[in-house]
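Scope of the values below: all heavy atoms of this structure, side chains included, with no hydrogens, waters or symmetry mates.
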Amino acid sequence: MANRDDMMHELLYGDMLTTPNYDVDFAIGTTYSLDFKALLIVPYSLGMFGDLSDNVKRSPLFLLESIRRSSDHFALFCHRGGIHLPHEVHNYYSLLEDSIFEVHNKQNPEANFHPKIWIIKEYHYENHDDKQLKVIVMSKNLGLDNNLDMVVSMTGKINTNNSQNTHRHQPLKDFLFTLADYAKDAKKRKRILDIANDLMHVKAFEMDDTRFEPNEYEFIPFWFGECLNKRTKFPDTFQGQSVMTISPFIDESTLNEMNALVKNHGTKTWVTRAEYVSPAIFEQYETENGSIYVMNDQMTSNDYQPIDLHAKTYFISNSRDDNRLLIGSANATKAAFHRNTEFVLSLKLKNGNRLLERFKREFLQMDDYGESLMYEPMMVPNEACEKHGRSELEKDMCQVLCYSYKASVECGENALYRITVNTNIKTLKTPINIAPLQVPNMALPLESTVVFDHIPLAKLSEFYILTAHQDEQHWQEVIKISTTGIPKERNDEIFRGIVNTKDKFYNYISFMLCEDPEEYIFELEQAEKALKQNEGNAQIVMPQRIYEQMLKMTVKNPAALERLEDVARIVNDKDYAQDFNVLYAQFKPLIPKLKQLL
């Protein structure tokens with residue numbers, strides 16, 4: 001179970017994305033909404049630095065090196081229109097654009113791409129033949145909210161010598177095959193398809209939690225309303241003699257379907273948000289065997305860190321030997337099971353008595369007296385409950401997001417660039433503005449052709465901001481538009497904008513070559529303090545350190561030297577790099593001889 005602040009975010013998207021003693025080969029992630037700041041957790045985790053302090057992670061050197069190491073190793077899919085505009089826009093966000101792909105349904109613009117899942121291929125750092133797949137199913141988006149979510153992680157070894165458990169893993173394979181069509185990068189599309197085929201060589205996925213039956217799980221993906229697991233169907237899979245539904249968003253008809261088999265001898269429990277408990281739905285649970293719980297005001301309305309429910313979980317009980325827990329992204333709504341793309345994992349619990357009651361007490365954090373510090377029973381309905389749905393502005397924007405967009409870049413005068421955005425836009429009910437993400441102050445009305453002039457090289461990006469207003473409503477999100485003509489030197493220019501002094505350049509080179517980033521940052525801080533006290537010169541000490549590091553890397557990691565040469569190329573014309581270029585030119589001829597000696 002996950003819930004909270006930045007430490008918990010890094011637990012979910014840090015610790016859970018990696019496995020001790022294993023390196024990530026490739027990772028596939030899905031989310032409904034995407035926050036750029038939260039997105040940085042992915043390269044931090046996949047950069048293979050190990051556990052590092054916040055002090056290291058705040059270093060721009062660490063950020064650049066994390067993106068460099070990870071950008072070819074993951075693909076992240078999100079709902080089109082689900083990328084939030086960051087409070088602060090940084091040039092380095094553009095370095096991640098090749099790893100982000102949007103998904104939407106043009107045939108049904110109001111359908112959501114809503115799954116939250118990671119599929120990660122890993123290999124043992126000492127034995128590369130030891131390969132495994134990790135599947136993480138959760139209810140949490142890739143954002144920095146404070147809501148309470150659920151997550152399950154399972155791992156399976158890859159054995160390419162024979163096919164395994166193909167029927168159980170086929171739905172996940174079908175999901176990945178469909179998802180791969182939205183990856184515009186051919187290399188990453190192939191990596192996704194390769195992992196989909198690897199699923200057929202996994203005998204079984206296992207979890208650390210011993211409460212569940214081994215090999216008794218079902219992957220249940222829904223692709224825009226179609227269930228890809230033919231052995232399951234809605235609502236049957238979600239029905240039982242007793243049902244506990246944990247869902248912040250609901251509708252009356254779906255709850256009726258889920259509770260259809262609950263009779264007087266069974267129980268029905270619903271954990272949700274208070275604003276969704278209408279009188280009609282409250283009446284369903286106003287029985288001797290029914291109960292509704294919501295988070296109390298101390299959790300949702302405190303001034304320190306308010307938290308609300310976001311988990312989507314279903315406990316289905318029929319007998320002591322037939323208890324299932326379903327966890328994933330699907331709310332108890334018609335849209336979730338008949339319109340959206342969702343992902344649910346079904347797990348069978350080992351035989352036992354009163355399993356539903358035990359789970360209920362655990363989830364609600366009840367003490368021996370049945371009291372909870374987080375939740376409270378809802379005793380009366382919310383008479384002010386209104387029908388929840390999209391506003392007219394949001395419906396209009398769903399249509400706008402389904403238009404076809406393309407953009408191109410041309411070089412103009414004074415090393416500045418022109419961006420031309422074309423779309424098959426029709427008559428707009430609401431005026432909409434568009435702007436490049438990196439220059440938000442250049443917003444222009446969205447028309448069939450929009451031209452942005454005088455854009456610096458480092459500000460070119462495939463991310464654009466759409467903004468609309470209607471009465472008192474405001475809509476603003478970021479979308480990705482395929483943009484041709486962005487010079488290959490754009491990434492180099494972003495790098496030069498961050499590593500723009502001799503000290504920063506030497507520090508970055510040394511950071512690239514270090515074996516222990518934590519120790520390196522500490523030593524760097526101590527050296528800076530000593531130099532300030534003694535009025536020393538870091539530019540004398542640093543080349544000596546780098547030379548020693550290059551000697552070590554020649555034996556331990558020759559590939560690091562290749563990247564070193566590429567970095568030197570990026571800043572080759574800068575005065576602050578000339579001393580290093582001389583140093584490396586002297587060192588390079590020695591590399592073959594050093595390898596022979598060592």
Side-chain angles (χ1 to χ4, degrees), residues 32-33 110-112 114-116 138-141 145 147-150 220 222 225 227 233-240 242-262 266-287 289-296 299-300 307-317 324-346 356 359-360 363-364 374-391 394:
Y32 171 70
S33 59
E110 292 193 40
N112 289 332
H114 198 250
K116 291 90 173 172
M138 63 180 81
S139 60
K140 182 172 181 58
N141 291 305
D145 59 70
N147 294 328
L148 185 143
D149 284 279
M150 294 284 284
I220 311 176
F222 294 83
C227 182
K233 63 179 180 178
F234 181 86
D236 304 44
T237 304
F238 293 78
Q239 292 176 326
S242 291
V243 176
M244 181 173 177
T245 300
I246 303 169
S247 176
F249 313 116
I250 51 86
D251 61 47
E252 184 179 355
S253 63
T254 302
L255 281 180
N256 280 331
E257 290 180 301
M258 289 182 171
N259 293 331
L261 299 184
V262 179
T267 62
K268 51 185 178 182
T269 304
W270 175 32
V271 185
T272 188
R273 296 182 180 181
E275 59 264 33
Y276 282 84
V277 186
S278 68
I281 297 178
F282 182 84
E283 187 177 348
Q284 285 192 38
Y285 288 84
E286 197 178 17
T287 60
N289 65 341
S291 57
I292 300 175
Y293 291 87
V294 296
M295 279 197 163
N296 59 37
M299 299 299 297
T300 61
I307 176 176
D308 212 337
L309 180 73
H310 193 255
K312 292 91 168 152
T313 302
Y314 307 89
F315 195 110
I316 312 299
S317 179
R324 288 172 288 116
L325 188 66
L326 294 94
I327 297 174
S329 64
N331 286 289
T333 63
K334 183 176 180 179
F337 297 106
H338 300 287
R339 187 175 69 190
N340 293 348
T341 295
E342 308 278 0
F343 200 97
V344 176
L345 173 66
S346 175
L356 175 54
F359 175 79
K360 176 181 175 179
F363 183 86
L364 296 177
M374 297 176 61
Y375 298 89
E376 61 186 11
M378 195 155 184
M379 307 307 294
V380 294
N382 182 358
E383 297 290 348
C385 181
E386 300 178 359
K387 184 178 181 181
H388 294 270
R390 286 190 169 94
S391 66
E394 290 171 329

* For the pair R339 (side chain) and N112 (backbone), establish whether a donor and an acceptor sit closer than 3.5 Å, ignoring hydrogens and angles. => no
* Decide whether a cation-pi geometry holds between K116 and F343; the criteria are a distance under 6.0 Å from NZ or CZ to the six-membered ring centre and an angle within 45° of the ring axis. => no
* F363 CZ to I246 CD1 distance, which is reported to the nearest 0.5 Å -> 4.0 Å
* To do: Would you mind reporting whether K312 and I327 have side-chain heavy atoms less than 4.5 Å apart?
  => no
* Pairwise side-chain contact, Y285 with T269, heavy-atom cut-off 4.5 Å (strictly under) -> no
* **Donor-acceptor pair between H310 and D149 side chains, under 3.5 angstrom** => yes
* Asked: Taking C-beta and beyond as the side chain, do Y293 and K360 meet within less than 4.5 Å on heavy atoms?
  -> yes
* Asked: Under a 4.5 Å cut-off applied to non-hydrogen side-chain atoms, are E342 and F337 in contact?
  -> no
* To do: Determine, stepwise, if the pair H338 / F222 fulfils ring-ring contact (aromatic ring centres under 6.0 Å, His included).
  => CA-CA 8 Å; H338 300 287; F222 294 83; 8.3 Å; no
* To do: Report yes if the side chains of Y375 and N296 come closer than 4.5 Å at any heavy-atom pair, otherwise no.
  => no
* Would you give the length of the straight line joining atom CG of L255 to atom CD1 of I281, rounded to the nearest 0.5 angstrom? => 5.5 Å
* Applying side chain to side chain contact (heavy atoms under 4.5 Å, CB included) between M299 and each of V294, I307, L148, report the one that passes. => I307
* Do any N or O atoms from the side chain of Q239 and from the backbone of E257 form a donor-acceptor pair under 3.5 angstrom? -> yes
* Can you tell me how far OG1 of T341 sits from NE2 of H114, rounded to the nearest 0.5 angstrom? -> 10.5 Å
* To do: Would you check, one step at a time, whether the test side-chain contact (heavy atoms from CB on, under 4.5 Å) holds for L326 with F315?
  => CA-CA 6 Å; L326 294 94; F315 195 110; over 6 Å; no
* Asked: So, N256 versus Q284: side-chain donor-acceptor pair below 3.5 Å or not?
  -> yes
* Asked: Stepwise, does the side-chain contact (heavy atoms from CB on, under 4.5 Å) test hold for F359 with L325?
  -> CA-CA 10 Å; F359 175 79; L325 188 66; 3.8 Å; yes
* To do: Find out whether M374 and M295 are in side-chain contact, i.e. whether some heavy atom of one side chain is under 4.5 Å from a heavy atom of the other.
  => yes
* Do other residues, nucleotides or ligands put more than 12 heavy atoms under 6.0 Å from the CD atom of E283? -> no
* **Flag, side chain of T245 to backbone of Y314, donor-acceptor distance under 3.5 Å** => no
* Distance, nearest 0.5 Å, that separates OG of S253 from CE of M258 -> 10.0 Å
* R273 side-chain N/O to L309 backbone N/O, donor-acceptor pair under 3.5 Å -> yes
* Kindly compute the distance separating OG (S291) from CE (M378), expressed to the nearest 0.5 Å. => 13.0 Å
* Counting only N and O atoms by type, is there a donor-acceptor contact under 3.5 Å from the side chain of T272 to the main-chain atoms of P248? -> yes
* Asked: Hey, is the main chain of G290 close enough, under 3.5 Å, to the side chain of T287 for a donor-acceptor pair?
  -> yes
* Using the side-chain contact (heavy atoms from CB on, under 4.5 Å) rule, take M138 and M150 through it: C-alpha gap first, then chi angles, then the decisive distance, then the call. => CA-CA 6 Å; M138 63 180 81; M150 294 284 284; over 6 Å; no
* For the student: nearest non-hydrogen atoms of P279 and P381, plus distance -> CA-CB, 3.6 Å
* Is there a side-chain contact (heavy atoms from CB on, under 4.5 Å) between V262 and N289 once you walk through the steps? -> CA-CA 9 Å; V262 179; N289 65 341; 3.9 Å; yes
* Asked: Hey, is the main chain of K334 close enough, under 3.5 Å, to the side chain of T254 for a donor-acceptor pair?
  -> yes
* Structure fact -> One should read off an interatomic distance between N147 CG and S139 OG, to the nearest 0.5 angstrom, of 9.0 Å
* Would you name the heavy atoms of S242 and G266 that are closest together and state the gap between them? => OG-CA, 3.4 Å
* To do: Provide the closest heavy-atom pair for C227 versus I220 in the form atom of the first, atom of the second, distance.
  => SG-CG2, 3.9 Å
* Between T333 and N331, do the side chains contain an N or O donor and an N or O acceptor separated by less than 3.5 Å? -> no
* Taking atom types as modelled, find out whether D251 and Y276 have a side-chain donor-acceptor pair closer than 3.5 angstrom. => no
* Under a 4.5 Å cut-off applied to non-hydrogen side-chain atoms, are F238 and V243 in contact? -> no
